[in-house]
Amino acid sequence: MTLIRVNPESVRSYGTQAQTEFEGISTSLTALTNDVVGVRYFGPNAVAFKTECGRLAVDFGRRLHTSMAQMSEAVRRSTSNIAASLGGQPIVIQLDDRAISAPSPQVVDYVDVDTAALEAVMPVVRSHFTAIRGHLDRNSAALRATDWLGNAKESAVGAVTQLTAAARTNCDDAEQSLTAFIQRQVDSVLLADV
């Protein structure tokens, strides 16, 4: 025998929090791309560097947006099932459809490299990834904490837990790629200045 209980207000409250967490992820992604492209570093090599940093951040954003859409669909599907059988409305999380895009790097006819600024952008990048992981974790914890029992919840929690783990791995990989790319640029600039 399975105990099935749904507190509609608890589930609706989760939907509101999930919306907030996903919007926070989008905000962090936008800030990440702006910060890596906006670092004080100018010249032909800087344009190539900033373009690649922006591309890495945007590619990560696309993968993360796909994960968020899959999480939203898992929750919608499960809450649709309980709504159909027990009454109430399914939870629909509205994801912002706008794609994350990197600003175009400024093109100048001089070279200006501030290695301290390049080095200082790495902890900024890490802080954005930490914020994104925090949003993912809070979303997953909020779903688990809903006053909702039954197979539909277990299905939603299982799917979101799996997708969150995959998104966190994506975060780790993207952060490592981006910070390693920045470090290689710092090393290259310092090596050239002899």
Side-chain angles (χ1 to χ4, degrees), residues 16-72 93-142 160 163-194:
T16 301
Q17 182 173 351
Q19 187 72 49
T20 299
E21 299 301 344
F22 286 3
E23 286 170 7
I25 288 171
S26 292
T27 299
S28 292
L29 285 169
T30 299
L32 171 67
T33 56
N34 290 340
D35 287 341
V36 295
V37 174
V39 68
R40 183 178 168 198
Y41 179 24
F42 302 100
N45 289 348
V47 170
F49 166 77
K50 290 179 178 187
T51 300
E52 180 62 10
C53 280
R55 186 195 66 75
L56 290 169
V58 167
D59 286 352
F60 166 68
R62 273 194 208 103
R63 289 190 308 273
L64 194 55
H65 194 274
T66 298
S67 294
M68 292 187 306
Q70 290 169 334
M71 287 180 212
S72 298
I93 301 166
Q94 297 295 325
L95 287 178
D96 190 352
D97 284 342
R98 70 176 176 194
I100 301 296
S101 60
S104 297
Q106 184 179 1
V107 178
V108 297
D109 58 357
Y110 58 88
V111 174
D112 180 356
V113 182
D114 183 349
T115 56
L118 279 173
E119 290 169 341
V121 82
M122 286 190 283
V124 171
V125 166
R126 287 185 192 103
S127 72
H128 290 307
F129 280 103
T130 298
I132 290 167
R133 283 189 285 269
H135 289 297
L136 289 166
D137 291 345
R138 283 190 297 277
N139 175 64
S140 186
V160 169
L163 290 163
T164 298
R168 283 184 61 86
T169 297
N170 237 344
C171 277
D172 296 344
D173 293 346
E175 178 182 356
Q176 193 276 332
S177 292
L178 197 50
T179 55
F181 184 70
I182 294 167
Q183 186 60 58
R184 282 193 302 275
Q185 190 65 34
V186 170
D187 295 344
S188 175
V189 166
L190 291 174
L191 187 63
D193 187 33
V194 289

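The figures here come from the full heavy-atom set of this structure, side chains too, leaving out hydrogens, waters and symmetry mates.
- Panel note: side chain Lys50, backbone Asn45; no donor-acceptor pair is recorded below 3.5 Å.
- With values rounded to the nearest 0.5 angstrom, Glu23 atom CD is found 12.0 Å from Ser28 atom OG.
- The shortest side-chain heavy-atom distance between Phe181 and Leu56 falls under the 4.5 Å cut-off.
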message: side-chain contact (heavy atoms from CB on, under 4.5 Å) for Asn139 and Phe22? Distances and angles first, verdict last.
response: CA-CA 8 Å; Asn139 175 64; Phe22 286 3; 3.8 Å; yes
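- Every ring pair (Phe, Tyr, Trp, His ring centres under 6.0 Å) that Tyr41 has, sequence neighbours left out, goes to Phe49.
- Annotation for Val37 and Ala102: closest pair CG2-CB, 4.2 Å, computed over non-hydrogen atoms.
- Residues satisfying the side-chain contact (heavy atoms from CB on, under 4.5 Å) test with Ala57, not counting sequence neighbours, are Leu32, Thr33.
- Every residue meeting the side-chain contact (heavy atoms from CB on, under 4.5 Å) condition with Arg138, not counting sequence neighbours, appears here in chain and number order: Gln17, Glu21, His135.
- Residues Asn170 and Leu64 have side chains not in contact (no heavy-atom distance under 4.5 Å, counting atoms from C-beta outward).
- The shortest distance between side-chain heavy atoms of Thr164 and Ser67 does not fall below 4.5 Å.
- The salt bridge (charged side-chain N to carboxylate O under 4.0 Å, His left out) test applied to Glu119 returns no partner, not counting sequence neighbours.
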Result block: side-chain N/O donor-acceptor pairs under 3.5 angstrom for residues 123-130, not counting sequence neighbours:
from	atom 1	to	atom 2	distance (Å)
Ser127	OG	Val124	O	2.7
His128	NE2	Asp35	OD2	2.6
Thr130	OG1	Arg126	O	3.0

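- The side-chain heavy atoms of Asp137 and Arg168, taken from C-beta on, include a pair separated by under 4.5 Å.
- Applying the salt bridge (charged side-chain N to carboxylate O under 4.0 Å, His left out) test to Asp173 and every residue at least two apart in sequence or in another chain returns nothing.
- Listed by chain and residue number, nothing satisfies the side chain to side chain donor-acceptor pair (under 3.5 Å) test with Gln106 (two or more places apart in sequence, or in another chain).
- In this structure, the side chain to side chain donor-acceptor pair (under 3.5 Å) partners of Asp112, at least two apart in sequence or on a different chain, are Arg40.
- Under the side chain to side chain donor-acceptor pair (under 3.5 Å) criterion, Asp172 pairs with Arg133, not counting sequence neighbours.
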task: Please step through salt bridge (charged side-chain N to carboxylate O under 4.0 Å, His left out) for the pair Asp187 and Arg184, ending with a clear verdict.
output: CA-CA 5 Å; Asp187 295 344; Arg184 282 193 302 275; over 6 Å; no
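- For the pair Gly43 and Val108, the tightest heavy-atom approach, listed with the atom from each and the gap, is N-CG2, 3.9 Å.
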field: His65 vs Met68, side-chain contact (heavy atoms from CB on, under 4.5 Å): CA-CA, chis, key distance, verdict
entry: CA-CA 5 Å; His65 194 274; Met68 292 187 306; 4.0 Å; yes
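- Counting only heavy atoms from C-beta outward, the side chains of Ile132 and Phe60 approach each other to under 4.5 Å.
- Under the 3.5 Å distance criterion, the side-chain polar atoms of Ser140 are left unmatched by any main-chain donor or acceptor of Leu136.
- Counting heavy atoms from C-beta on, the side chains of Glu52 and Arg55 come closer than 4.5 Å.
- Ala141 pairs by the side-chain contact (heavy atoms from CB on, under 4.5 Å) definition with Arg144, not counting sequence neighbours.
- Judged as a salt bridge (charged side-chain N to carboxylate O under 4.0 Å, His left out), and not counting sequence neighbours, Arg63 has no contacts.
- The side-chain contact (heavy atoms from CB on, under 4.5 Å) search around Thr51 returns Val47, Pro105, not counting sequence neighbours.
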